[in-house]
Amino acid sequence: MIGHRLYSALTKLRSSISGRLASPDLDTYLFVPINGAGLGHLTRCLAVARRLERLVPDADIVFFTTSVAVPLVNRFGYRCYHLPPLSAGKADGVTPERWNSLFFDCLAAVMNLHRPSTVVFDGTWPYAGLRAVMHSFRRSRYVWIRRGLHRQQLQPEQEKQQLALFDLTIEPGEKGDKADPQSPAAVERVDPIVLLDRDEVLPRAEARKRLRLDQERAAAYVQLGAGNINDLVDLEGRVVKELKSIDGLQVVVARSPIMLHERPETGADAELVDYPNSRLFRAFDVAVLAAGYNSVYESMLLGLPAVFLPNLDTGADDQRRRARMAAEYRGWCCLEDSASGSVARCVRTLLANVTADPLLEGPSRNGAEQAARLVAHPQAHAIQ
């Protein structure tokens, strides 16, 4: 984490532009998701932005992100500016100090161009470059969407100081974690946020036709992450092999649109590279998934039974805890030790309990609209 000295230096160096955002546009919202290895932050911002459009029909929504998934943002009709993440520049000797300076310059330019009244940041913590922007452009309102179940990396006083920087902090909820003692009172909690609602998921027959799947045989969906944090080749190949051992089961492997490395053939019946894949969930009877925020809550809120394999190498996201909580609900299970045969055993158990249309079962409340109302109306409170 960048220290206070760098933040102070950035602020002092650029104090001359403080207040240049003289007249913010009340209907302009700037979303700033910080992404590198995955799509979680970006997807949550897209989910909230789509609902915000319905609440504020004249809203001008702009994105500034460190994710390489700029085309996905454009696909939803939003303008998007991009700065590569710090990890992309380390090979060229870019220091955290230099990167934060670049971040400030780029974001300040976007602020001056679009004059947003509200800036929505989704990230693990506010970087020094962002904090300097917040200090320099004080007329904007700042909202922090902070994913739950983050591994504790700050002392309580440090966390309190970070929360105090924002006018509002929204924490997407986690199933079974309604009374998390780690969640400060200053945080406004909403239900889990996912991109699509149930009525946006394609009918089963149409989804299977698009994937060229047999309409009568059971099908499994496999998405173990982008593989940008750790190597998933061996695990993915083993999972597919186990699933193919189940008589008649069709297997589709999803590839992340921001995957940085090629992966070998797995022997699956099909591969899927799209976004959002959840639009096709009705094609499947069961899934084997990583336990990232998107994967777990898309599966649960859209009702797709799944085996979760938590990635224990993530720096801030507590996937083990999330998967264990999800496994408390019928239709989902957590598998921390994917020893030989264990994935197939779990999948067989789930398949024995699936209904004709699993997406008609299970919880269905999406917190994206609650979050959008809080972003649109400063005095609003999340619907309880």
For a 4.5 angstrom cut-off between non-hydrogen side-chain atoms, does [X] reach [Y]?
X	Y	result
V56	Y29	yes
P116	V62	no
V240	V253	yes
Y78	F31	no
L243	V286	no

Inter-residue atom distance [X].[atom1] - [Y].[atom2], 0.5 Å rounding:
X	Y	atom1	atom2	answer
S67	H82	OG	NE2	6.5 Å
R147	T124	CZ	OG1	5.0 Å
T169	F121	OG1	CZ	10.5 Å
D214	Q250	CG	CD	5.0 Å
F63	L30	CZ	CG	9.0 Å
L280	Y221	CG	OH	8.5 Å

N/O donor-acceptor pair under 3.5 Å between [X] side chain and [Y] backbone:
X	Y	answer
S299	L304	yes
R204	R282	yes
W144	G123	yes
R115	N112	no

> Can you name the one residue among E174, E328, E336 that meets salt bridge (Lys or Arg N to Asp or Glu O under 4.0 Å) with R322?
Replying inline: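 With R322 as partner, salt bridge (Lys or Arg N to Asp or Glu O under 4.0 Å) holds for just one option, E174.
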
Look at the side-chain heavy atoms of Ile, Leu, Val, Met, Phe, Trp and Tyr, link any pair under 4.5 Å apart, and say whether [X] and [Y] land in one connected group.
X	Y	answer
Y127	Y81	yes
L165	I34	yes
L302	L211	yes
Y275	V273	no
M134	W99	yes

> Quick one: does NZ or CZ of R44 land under 6.0 Å from the six-membered ring centre of Y293, within 45 degrees of the ring axis?
Replying inline: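 Yes, a cation-pi geometry.
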
> Could you walk me through whether D285 and R208 pass the salt bridge (Lys or Arg N to Asp or Glu O under 4.0 Å) check?
Replying inline: CA-CA 11 Å; D285 302 278; R208 287 200 160 202; 3.0 Å; yes

> Under 6.0 Å between ring centres, would you say that holds for Y142 and F166?
Replying inline: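 Centroid distance Y142-F166: not below 6.0 Å, so no.
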
> Taking the six-membered ring for Trp, are the ring centroids of F103 and F64 within less than 6.0 Å of each other?
Replying inline: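 So the answer is yes for these two rings.
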
> Below 4.0 angstrom, N of the basic side chain to O of the carboxylate: do R51 and D197 qualify?
Replying inline: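 Result for this pair is yes, salt bridge flagged.
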
>> Could you work out, with side chain to side chain contact (heavy atoms under 4.5 Å, CB included) as the rule, every residue matching E157, not counting sequence neighbours?
In response: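 Scan of E157 (side chain to side chain contact (heavy atoms under 4.5 Å, CB included), adjacent residues dropped) gives K160, Q161.
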
> Only one of T65, T66, N294, D122 clears side chain to side chain donor-acceptor pair (under 3.5 Å) with H41; which?
Replying inline: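 The passing option is D122.
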
